[in-house]
S.K.: 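Here's a structure for you.
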Amino acid sequence: MNLEELFEHYKEQTIQGRYLTLEHIQPLLDKLNTDNQVKLIGKSVLGKPIYSYQIGTGKISIYLWSQMHGNESTTTKALFDFINVLNSGTDFAAKLLATFTFYCIPILNPDGAALYTRENANKIDLNRDSQNLTQPESNVLRDVFEDFKPHYCFNLHDQRTIFGAGDTGKPATVSFLAPSYNEEREVNDNRLKAINLIAGINDILQEYIPGQVGRFDDSFNINCIGDTFQFLGVPTILFEAGHYPGDYNREITRKLIFFSLISSFEILSENDLVDNRFYDYLNISQNKVVFYDFMYKNIKINYDGIEIITNFVAQYREELIENEIHFNAYIAEVGELENYFGHFEYDGEGASYSDEYTNFPKLNQKADFYLDKNIKFVNGLIKS
């Protein structure tokens, strides 16, 4: 199967970018709802509808949810791309629909999606509410889990640009986790199923992004939904859509998440899971906070009247302005910053820093400055 061609053919063209709300996907849900497959399963804190989409008649039940964190939309885009495949009428689609029953919640946190925030309208992180169940969105997710009784759970997220694949200097473009089910982080049969599936997905992704797959930290936290579902005996896989160089709108990462979903169900439908791939899973580089969006090296800075050669970094803030996400760069740190990388790196070779503020790269200041008074940087990048 040519995954590139499959993606290009079934990519949902009506949604793109980082800002994705219920209003954006409502037309897609309306189009999909040909025979009552779309259902209203609850409402958010602010009364917005939470919808599910169910398709397939197979014995293996798959539960997928996205945008538990409202500002994490990449997997939602990929989920609709995958749903297009399921509705394609192809032999491959027929095989998947006969093997699996898919239950999807495209946007669990519609309030957070509209506000472009991680939390819901009550400023609660739903991924820390799986035990107390204080929020309506958390209860919707849990009620479906108990009613649908899935064989596998797919917990779909985005992660920040700060994560690298270990110390390799490569970004963690896609990361995975088979969450722990106990404090000891032991591996039982259910967790091993998730581990084996991740190892199989990684085999495929290495063909496209060698060295850019990460493994998320598996410290146990029963308040996290993945840990809870794993504890309750259902193999759960955390997907984290991360940064691909230059792809701040995450359209390339979207494609790779689509590849991961297709590969998952190919592996499961072929019953192609190897018995024990625990060590292959451990060999996936662990996610590590080693990146900034911008790194400026060997810059001459006047520090309390003393000239020093040092480095500084800047980081984008994703700011919602008039229904559009703006990537605004701010100074984040000054110092040697050993063992850190920049997605954009510039070696000043001793050039002098100046700006229109304090002539010092002050934390939280906009990344607008000059080097040797003739190279201008605006919003982190060289202005030609």
Side-chain angles (χ1 to χ4, degrees), residues 22 25 29 37-56 60-73 75-76 79 83 100-115 117-158 176-183 188-191 193-194 197 216 218-240 261 264:
L22 193 59
I25 69 164
L29 295 172
Q37 303 99 316
V38 176
K39 288 188 168 59
L40 173 66
I41 54 172
K43 291 195 174 180
S44 68
V45 170
L46 298 180
K48 287 184 180 287
I50 300 171
Y51 292 110
S52 68
Y53 174 70
Q54 186 169 333
I55 187 171
I60 304 174
S61 300
I62 307 291
Y63 187 20
L64 310 97
W65 64 92
S66 187
Q67 273 180 277
M68 166 179 271
H69 295 141
N71 59 355
E72 298 180 2
S73 59
T75 53
T76 307
L79 184 56
I83 288 171
F100 303 103
T101 299
F102 297 99
Y103 192 108
C104 312
I105 302 178
I107 298 182
L108 179 66
N109 180 5
D111 297 342
L115 296 167
T117 59
R118 177 181 174 90
E119 298 90 358
N120 72 348
N122 284 334
K123 299 190 181 303
I124 298 296
D125 184 340
L126 300 178
N127 204 25
R128 300 295 182 272
D129 190 43
S130 69
Q131 292 298 303
N132 294 332
L133 298 173
T134 65
Q135 303 302 302
E137 301 92 343
S138 307
N139 282 286
V140 166
L141 188 68
R142 184 62 171 269
D143 289 346
V144 170
F145 176 84
E146 292 176 354
D147 292 342
F148 183 59
K149 296 179 173 53
H151 294 100
Y152 286 88
C153 289
F154 284 54
N155 186 11
L156 306 174
H157 288 263
D158 277 52
F176 299 98
L177 174 66
S180 299
Y181 73 93
N182 63 6
E183 290 280 359
N188 60 3
D189 288 345
N190 287 314
R191 190 179 181 207
K193 287 179 181 177
L197 185 54
F216 216 78
D218 69 347
S219 298
F220 180 68
N221 184 348
I222 194 63
N223 297 306
C224 295
I225 196 66
D227 303 55
T228 290
F229 287 172
Q230 199 90 274
F231 170 78
L232 292 172
V234 178
T236 300
I237 298 99
L238 170 70
F239 286 62
E240 293 277 358
L261 292 172
S264 298

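Keep in mind that the numbers below use all heavy atoms, side chains included, and drop hydrogens, waters and symmetry copies.
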S.K.: Step by step, would you call H151 with F100 a side chain to side chain contact (heavy atoms under 4.5 Å, CB included)?
M.R.: CA-CA 10 Å; H151 294 100; F100 303 103; over 6 Å; no
S.K.: Is the side chain of N190 donor-acceptor paired with the backbone N or O of G233 at a distance under 3.5 Å, no angle test?
M.R.: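 Yes.
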S.K.: Report yes if some heavy atom in the side chain of F176 is under 4.5 Å from a heavy atom in the side chain of L197; otherwise report no.
M.R.: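 No, their side chains stay 4.5 Å or more apart.
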S.K.: Would you find a donor on one side and an acceptor on the other, under 3.5 Å apart, between the side chain of K149 and the backbone of E146?
M.R.: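 Yes, because the side chain of K149 sits within donor-acceptor range (under 3.5 Å) of the backbone of E146.
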S.K.: Measure the shortest side-chain to side-chain distance between L141 and I105 over non-hydrogen atoms and say whether it is less than 4.5 angstrom.
M.R.: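 Yes; the side chains approach each other to less than 4.5 Å.
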S.K.: Taking the side chain as C-beta and beyond, is there a heavy-atom pair between I222 and Q131 under 4.5 Å?
M.R.: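 The answer is yes, as the side chains (C-beta and beyond) meet within the 4.5 Å cut-off.
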S.K.: Please examine the side chains of H69 and D158, heavy atoms only from C-beta on, and report whether any two atoms are closer than 4.5 Å.
M.R.: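 The answer is no; the side chains never approach within 4.5 Å.
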S.K.: So, does D129 use its side chain to make a donor-acceptor pair with the main chain of T134 at under 3.5 Å?
M.R.: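 It does hold such a pair.
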S.K.: To the closest 0.5 Å, what do you measure between CG (D227) and CZ (R191)?
M.R.: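 Rounded to the nearest 0.5 Å, the CG-CZ separation comes to 9.0 Å.
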S.K.: For the side-chain hydrogen bond (donor to acceptor under 3.5 Å, both in side chains) test, which of E240, Q67, E72 pairs with H157?
M.R.: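 Result for side-chain hydrogen bond (donor to acceptor under 3.5 Å, both in side chains) with H157: E72.
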S.K.: Would a 4.5 Å heavy-atom cut-off, applied to side chains only, mark I25 and Y51 as touching?
M.R.: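 No, too far: nothing below the 4.5 Å cut-off.
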S.K.: Please report the shortest heavy-atom distance between P49 and L40, naming the atom on each side.
M.R.: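 Taking P49 first and L40 second, the nearest heavy atoms are CB-CD1, 3.3 Å.
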S.K.: Take I107 and K48 through the side chain to side chain contact (heavy atoms under 4.5 Å, CB included) test and state the conclusion after the steps.
M.R.: CA-CA 11 Å; I107 298 182; K48 287 184 180 287; over 6 Å; no
S.K.: So how far is it from S61 OG to Q54 CD, rounded to the nearest 0.5 Å?
M.R.: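 It comes to 8.0 Å.
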S.K.: Could you check, using the six-membered ring where one of them is a Trp, whether Y152 and Y63 have ring centers closer than 6.0 angstrom?
M.R.: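 No, ring centres 6.0 Å or more apart.
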S.K.: Does the side chain of Q230 pick up a donor-acceptor pair with the side chain of S180 at under 3.5 Å?
M.R.: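 No, because no side-chain N or O of Q230 sits under 3.5 Å from a partner of the opposite role on S180.
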S.K.: Counting only N and O atoms by type, is there a donor-acceptor contact under 3.5 Å from the side chain of N139 to the main-chain atoms of L133?
M.R.: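 Yes: the side chain of N139 pairs with the backbone of L133.
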S.K.: Quick one, R118 with N71, criterion side chain to side chain contact (heavy atoms under 4.5 Å, CB included). Give me CA distance, side-chain angles, the key distance, then yes/no.
M.R.: CA-CA 6 Å; R118 177 181 174 90; N71 59 355; 4.0 Å; yes
S.K.: Going from CZ on F102 to CZ on F154, what distance comes out if it is rounded to the nearest 0.5 angstrom?
M.R.: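 Going from CZ on F102 over to CZ on F154, the span is 8.0 Å.
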S.K.: Which heavy atom in N155 sits nearest to a heavy atom in G226, and how many Å separate them?
M.R.: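 Heavy-atom minimum between the residues: ND2-N, 4.1 Å.
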S.K.: Among V45, L46, I50, which residue satisfies the side chain to side chain contact (heavy atoms under 4.5 Å, CB included) criterion with P136?
M.R.: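 Of the listed residues V45, L46, I50, the side chain to side chain contact (heavy atoms under 4.5 Å, CB included) partner of P136 is V45.
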S.K.: In Å and rounded to the nearest 0.5 Å, what is the CG to CG distance from N132 to N223?
M.R.: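 Rounded to the nearest 0.5 Å, the CG-CG separation comes out at 6.5 Å.
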S.K.: Counting the benzene-type ring for Trp, do W65 and F229 have ring centres under 6.0 Å apart?
M.R.: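 So the answer is yes for these two rings.
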S.K.: Quick check: closest heavy atoms across A194 and I237, and the distance to 0.1 Å?
M.R.: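 A194 and I237 have their closest heavy atoms at CB-CG1, 4.0 Å.
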S.K.: Which heavy atom in V234 sits nearest to a heavy atom in T236, and how many Å separate them?
M.R.: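 What the structure gives for the nearest pair is O-OG1, 2.9 Å.
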S.K.: Walk me through whether D218 and L177 qualify under side chain to side chain contact (heavy atoms under 4.5 Å, CB included).
M.R.: CA-CA 7 Å; D218 69 347; L177 174 66; 3.5 Å; yes
S.K.: Could you grab the distance from atom CG of L22 to atom CG of L29, nearest 0.5 Å is fine?
M.R.: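 Taking CG in L22 and CG in L29, the distance rounds to 7.0 Å.
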S.K.: Where is the tightest heavy-atom contact between F148 and I62, given as atom of each residue plus distance?
M.R.: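 Between these two residues, the closest heavy atoms are CE2-O, 3.5 Å.
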S.K.: With no hydrogens and no angle check, just 3.5 Å: does a side-chain donor-acceptor pair link Y103 and S52?
M.R.: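 Yes, side-chain donor-acceptor contact under 3.5 Å.
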S.K.: For Y53, is the OH atom crowded, meaning more than 12 foreign heavy atoms sit under 6.0 Å from it?
M.R.: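 Count over threshold, so yes.
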S.K.: Do you know the tightest heavy-atom contact between N109 and E137?
M.R.: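 That closest heavy-atom pairing would be OD1-OE2, 4.4 Å.
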S.K.: When rounded to the nearest 0.5 angstrom, what is the spacing between CG in D125 and CD1 in I225?
M.R.: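 Output value for this atom pair is 11.5 Å.
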